[in-house]
Engineer: 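Sharing a structure with you now.
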Amino acid sequence: MALHTLNRAPADSSCLQDCLNAMTPGDELILIEDGVYHALPAHIGKLEKDNLKIWVLSEDAHARGISARLAKAAIVTDSAGFVGLCCSQDKVVSWF
Amino acid sequence: MALHTLNRAPADSSCLQDCLNAMTPGDELILIEDGVYHALPAHIGKLEKDNLKIWVLSEDAHARGISARLAKAAIVTDSAGFVGLCCSQDKVVSWF
Amino acid sequence: MSKSVLIVNRKAPYGSSAPREALDVALTCGVFEQPVSLLFLGDAVFQLLKAQQPDAIGQKNLASNLSALPMYDIDQLFVCAESLANNGLDPDDLILPVTLLEKDSVAPLFANHDVVLTF
Amino acid sequence: MSKSVLIVNRKAPYGSSAPREALDVALTCGVFEQPVSLLFLGDAVFQLLKAQQPDAIGQKNLASNLSALPMYDIDQLFVCAESLANNGLDPDDLILPVTLLEKDSVAPLFANHDVVLTF
Amino acid sequence: MIFSIVIQSAPYSRQAAESALRFAQALLDAGHSIHRVFFYADGVQCGNNLASPPQDEINLPQHWQQLASEHQLDLVVCIAAAVKRGVLDQNEAGRYEKSGHNLADGFELSGLGQLAEATLVSDRVITFGG
Amino acid sequence: MIFSIVIQSAPYSRQAAESALRFAQALLDAGHSIHRVFFYADGVQCGNNLASPPQDEINLPQHWQQLASEHQLDLVVCIAAAVKRGVLDQNEAGRYEKSGHNLADGFELSGLGQLAEATLVSDRVITFGG
């Protein structure tokens with residue numbers, strides 16, 4: 001099982017698509033840097049995959065002013081939580 | 001009237017879309033660097049705009065091994081031709 | 001011999017330095033008393049979003065700097081209406097009053113400026 | 001204590017240095033006798049296209065270097081079939097024999113390797 | 001757990017280099033260890049000691065140095081990527097007959113084998129790029 | 001015609017810097033003149049004289065220097081972008097108390113005003129970036 005990180009904004013749809021195609025059930029996704037915009041209600045629908053857990057790095061969401069706008073399906077975590085996710089999955093796959 | 005340059009490969013569809021939206025009839029487009037792949041038959045259809053002239057920089061197409069595969073709608077030119085296009089249009093708009 | 005400059009923003013804030021570099025060029029052209037317009041396309045509309053607080057990621061607040069543009073007599077701010085809508089935002093979500101451009105009005109903006117710089 | 005490495009290529013050749021950096025990592029892991037696989041997604045399928053001649057743009061031939069991979073016992077080359085088809089290419093257009101992966105077979109490749117490096 | 005971190009982006013131009021630093025700090029705070037930080041591609045600029053950002057902006061090479069000296073981190077800059085991008089230590093400056101060198105203290109130039117070895121001995125490898 | 005060229009990308013990492021050089025050569029061959037080449041963002045690395053690419057790879061700072069000396073080109077590197085990215089001339093090295101400097105001969109550090117001025121006096125401005 002893998003933790004996938006995604007740091008690209010929504011206009012880079014191919015990065016998101018490559019990420020989703022690479023995911024196995026049980027994998028998790030953490031949105032970082034410009035990737036956090038995918039957690040907005042307008043975009044979260046494109047991330048729907050059966051039972052996919054979607055995390056959002058709080059520092060990056062806060063920086064960009066979207067903390068109060070995040071879709072309910074997105075779970076906010078901080079850097080310590082990010083580290084924990086890396087440990088609970090077998091490997092990390094970075095999409096950028 | 002403007003000459004538009006585009007240097008992004010096909011997976012970056014938003015760069016192409018932004019470029020096309022910015023074009024006025026009479027503008028021309030030159031595909032350079034990874035942008036030359038848009039001149040392949042599989043992609044050229046996405047560039048269709050009434051009477052848009054589509055140029056391809058020969059050095060970049062040749063480097064990538066696609067010179068013999070280019071769609072008929074694409075007109076090949078070299079660096080000297082690129083310079084000439086910049087002069088014949090009023091300004092240059094770069095998409096990257 | 002003044003020339004109008006259109007500065008095209010395509011990138012979201014903070015992930016790359018492009019937005020800040022675009023802003024610095026806009027301010028400099030303003031100092032030279034060149035007519036400057038800024039256009040925000042795609043992800044770049046997020047540059048104008050309210051409530052940005054980038055201290056925790058070690059960056060300066062881009063929105064604060066953008067909101068100072070009118071003080072430098074740069075008030076020609078254009079936003080692609082489709083980009084705003086695609087991101088689920090409306091003009092009230094932005095830090096500044098902007099001119100919304102429908103899809104057909106984007107190309108004339110390019111035609112109406114002497115020089116175009118993209119970021 | 002060997003670990004298998006999957007190197008994921010997403011970029012076209014020459015426009016950026018990412019493809020060459022990915023190749024250098026693959027060759028190095030090969031020297032360390034780690035099992036290495038390469039996956040080509042999206043624009044990266046163009047890395048494998050025949051007839052590349054980048055002298056005129058001052059770069060070295062990436063395809064020539066990629067075609068040497070089997071000599072270093074790196075022969076696990078996977079190409080996303082959908083990416084190839086989307087670009088109007090078929091396996092005969094490529095410099096090397098590769099394994100085509102249908103969409104459903106891409107994810108298992110990630111699951112089956114210990115370490116994944118993306119470029 | 002034992003982590004290694006790969007950084008592929010230049011500081012200031014991309015957030016990735018800063019994200020990696022923040023992640024490294026969080027790792028250490030949580031009691032994990034870092035086997036190696038490997039700077040590759042444009043990431044080699046993280047070890048350029050001539051970088052002089054304004055005082056109100058983050059100085060990434062300095063932050064890495066500090067973290068490295070507090071936690072004995074192994075900061076390895078890919079030698080091939082660095083040399084062609086103008087990040088040299090004293091040895092390489094001599095080899096290429098350059099008058100100066102600019103690799104920050106605490107960083108070391110070495111080959112890609114250091115990345116391969118890191119994948120072997122680390123429990124997790126995470127890349128920051130873009 | 002009078003051209004100015006803006007370069008936003010680092011050499012080796014992106015083709016844009018090489019494309020710009022080839023375009024500049026074609027401009028001059030066609031009898032046009034270049035008012036200024038302005039290096040901005042990561043493009044400032046084009047003026048890093050420590051870059052030491054392998055002999056079978058293109059050395060962009062050197063090529064620019066050669067073209068500049070043959071045609072009296074004005075190669076301006078954005079000072080704010082350069083200083084934070086570790087490309088310094090002797091003055092800036094002094095100001096920031098750095099032991100070395102690495103701006104290649106033939107390049108000059110200056111402000112964004114040089115870009116604004118270039119847009120005013122050039123018939124065409126073309127950007128290479130990405």
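Sequence lines set the chain letters: A, B, ... in the order given, protein chains first and strands last, and positions in each chain run from 1. Only a predicted model underlies this, so the values are computations on that prediction, with no experimental measurement involved.
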Engineer: What part of B:His62 lies closer than 4.5 angstrom to a heavy atom of chain D: side chain, backbone, both or neither?
Structural biologist: both
Engineer: Looking only at heavy atoms, which two atoms of B:Tyr37 and D:Ala12 are closest? And how far apart?
Structural biologist: CE1-CB, 3.6 Å
Engineer: Select, from D:Ala51, D:Ala63, D:Ser83, the one with the greatest count of heavy-atom pairs under 4.5 Å involving chain B.
Structural biologist: D:Ala51
Engineer: With rounding to the nearest 0.5 angstrom, report the NE2 to CG distance, B:His43 to D:Asn87.
Structural biologist: 3.5 Å
Engineer: Between D:Asp93 and chain B, which part of the residue has a heavy atom less than 4.5 Å away: side chain, backbone, both or neither?
Structural biologist: both
Engineer: Determine the option with the most heavy-atom pairs under 4.5 angstrom with chain B, choosing from D:Pro54, D:Ala85, D:Gly88, D:Ser16.
Structural biologist: D:Pro54
Engineer: Examine whether an atom of B:Pro10 lies under 4.5 Å from a heavy atom of chain D, and if so say whether it belongs to the side chain, the backbone or both; otherwise answer neither.
Structural biologist: both
Engineer: Side chain, backbone, both or neither: which part of D:Leu62 has a non-hydrogen atom closer than 4.5 Å to chain B?
Structural biologist: neither
Engineer: Compare every heavy atom of D:Ile57 with every heavy atom of B:Arg64, then report the nearest pair and how far apart it is.
Structural biologist: NH1-CD1, 4.2 Å
Engineer: Measuring heavy-atom distances to chain D, does B:Arg8 have an atom under 4.5 Å in its side chain, in its backbone, in both, or in neither?
Structural biologist: neither
Engineer: Who among B:Asn7, B:Asp34, B:Asp12 has the most heavy-atom pairs with chain D under 4.5 Å?
Structural biologist: B:Asp34
Engineer: I would like to know whether B:Leu40 and D:Phe46 meet side-chain contact (heavy atoms from CB on, under 4.5 Å); could you show each step before the answer?
Structural biologist: CA-CA 12 Å; B:Leu40 291 174; D:Phe46 292 120; 3.5 Å; yes
